[in-house]
Amino acid sequence: MRTPVAAGNWKMNLTPDAAEALARAVHDAAPGLPGVEIVLCPPAVYLASVARVVSNGPVALGGQNLYWEAEGAFTGEISGHMLRWVGCRYCIVGHSERRHVLKETDDEVNRKVRAAQRHSLVPIFCVGETRQHRESGQMEEVITTQVRRGLDGFAPRASGDLVIAYEPVWAIGTGLTATPQQADTVHRLVRGLIRQLWGDALAAGIRILYGGSVKPDNIEGLVAQPDIDGVLVGGASLKAEAFLAIARGCRLRSCS
Ligand code: 13P
């Protein structure tokens, strides 16, 4: 049984006060949501204050990005060590905004995935095709390449060492959501690729999340799919009520 994940990617949003208040609302509600793993990924400058709020509770903390070197002259970057020191268990790697806006390559994403593991962080490794890829029939090839290149040389010892997020670029922040069936098709593709890489047991245990315009009103259909193990939420994670409704929706999966 894969424990569902409700992860909030706050991206580059919120004031310090709003970040702390949102973290507190999620922290206070989380004990009432057993059976769902809740992860908050604030902007790096708010990690320490959010860590203080959620420490000693069930909510886990994640970074939004990391650099692959451990320390040194890398102005503006943040290492896996630093994310660990501040209390992170997870780190998003290869988010589509980093791939497409910041021009991160598969090779860089791969270095980051492996660096996360070296620093005992669980990567939330993101893949996703653009609308153009999908419309020109390249979805499968693009996802396969991102998975194979991004995870090259990564060696999970247990299924908890990696979380994958399928985030179709055309569904992020657009209000367009993949249908549950469209998403599940890609999740099955990804799980098949994981099986080829690491065998049945890890493929059966690794959680694959969906991301892209997830809202309280579409969560049920998504988590009802057999291979969708939770969600990575952007816009709707910035409002406690909406995010907690999504987390409650994820519980339907753990109860089924
Ligand atoms: P939205 O939920 O705002 O579409 O963002 C999804 C996302 O990119 C989460 O990482």
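Note that the structure is predicted; figures quoted are calculated from it, not measured. In listed order, ligands and their atoms are each counted from 1.
Listed by number with element, the atoms of ligand 1 under 4.0 Å from a non-hydrogen atom of Gly212 are 4 (O), 6 (C). Applying the 4.0 Å criterion to heavy atoms of Ser213 picks out, from ligand 1, the atoms 1 (P), 2 (O), 4 (O). Each of the following atoms of ligand 1 lies closer than 4.0 Å to a heavy atom of Glu167: 6 (C), 7 (C), 8 (O), 9 (C), 10 (O).
Under the 4.5 Å side-chain heavy-atom criterion for Ile, Leu, Val, Met, Phe, Trp and Tyr, Leu40 and Val36 are members of the same hydrophobic cluster.
Taking 4.0 Å as the cut-off, Ala236 does not count as a neighbour of ligand 1 on heavy-atom distance. Within the 4.0 Å heavy-atom shell around ligand 1 one finds Lys11. The shell of residues lying under 4.0 angstrom from ligand 1, judged by heavy atoms, includes Ala171.
With values rounded to the nearest 0.5 angstrom, Asp227 atom CG is found 14.0 Å from Arg207 atom CZ.
In this structure, Arg149 places its CZ atom where only 12 or fewer heavy-atom neighbours from other residues, nucleotides or ligands lie under 6.0 Å away. The environment of CD in Glu71 is sparse: at most 12 heavy-atom neighbours from other residues, nucleotides or ligands sit within 6.0 Å. The environment of Glu140 atom CD is sparse: at most 12 non-hydrogen atoms of other residues, nucleotides or ligands sit within 6.0 angstrom. No more than 12 heavy-atom neighbours from other residues, nucleotides or ligands sit within 6.0 angstrom of CD on Gln132.
With a 4.0 Å heavy-atom cut-off, ligand 1 is reached by the side chain of Asn9 but not by its N, CA, C or O. By the criterion of a heavy-atom distance under 4.0 Å, neither the backbone nor the side chain of Cys126 is placed next to ligand 1.
The closest protein non-hydrogen atom to atom 3 (O) of ligand 1 is Gly235 N, 2.8 Å.
Between Ala30 and Pro58, the closest heavy-atom pair is CB-CG, 3.6 Å.
Here's the thing with Thr174: none of its N/O atoms is less than 3.5 angstrom from an N/O atom of ligand 1.
For the pair Asn9/Ile92, a side-chain contact is recorded, criterion being any heavy-atom separation below 4.5 Å from C-beta on.
Remark: among candidates Gly234, Gly175, Gly173, the nearest residue to atom 4 (O) of ligand 1 is Gly173, based on non-hydrogen atoms.
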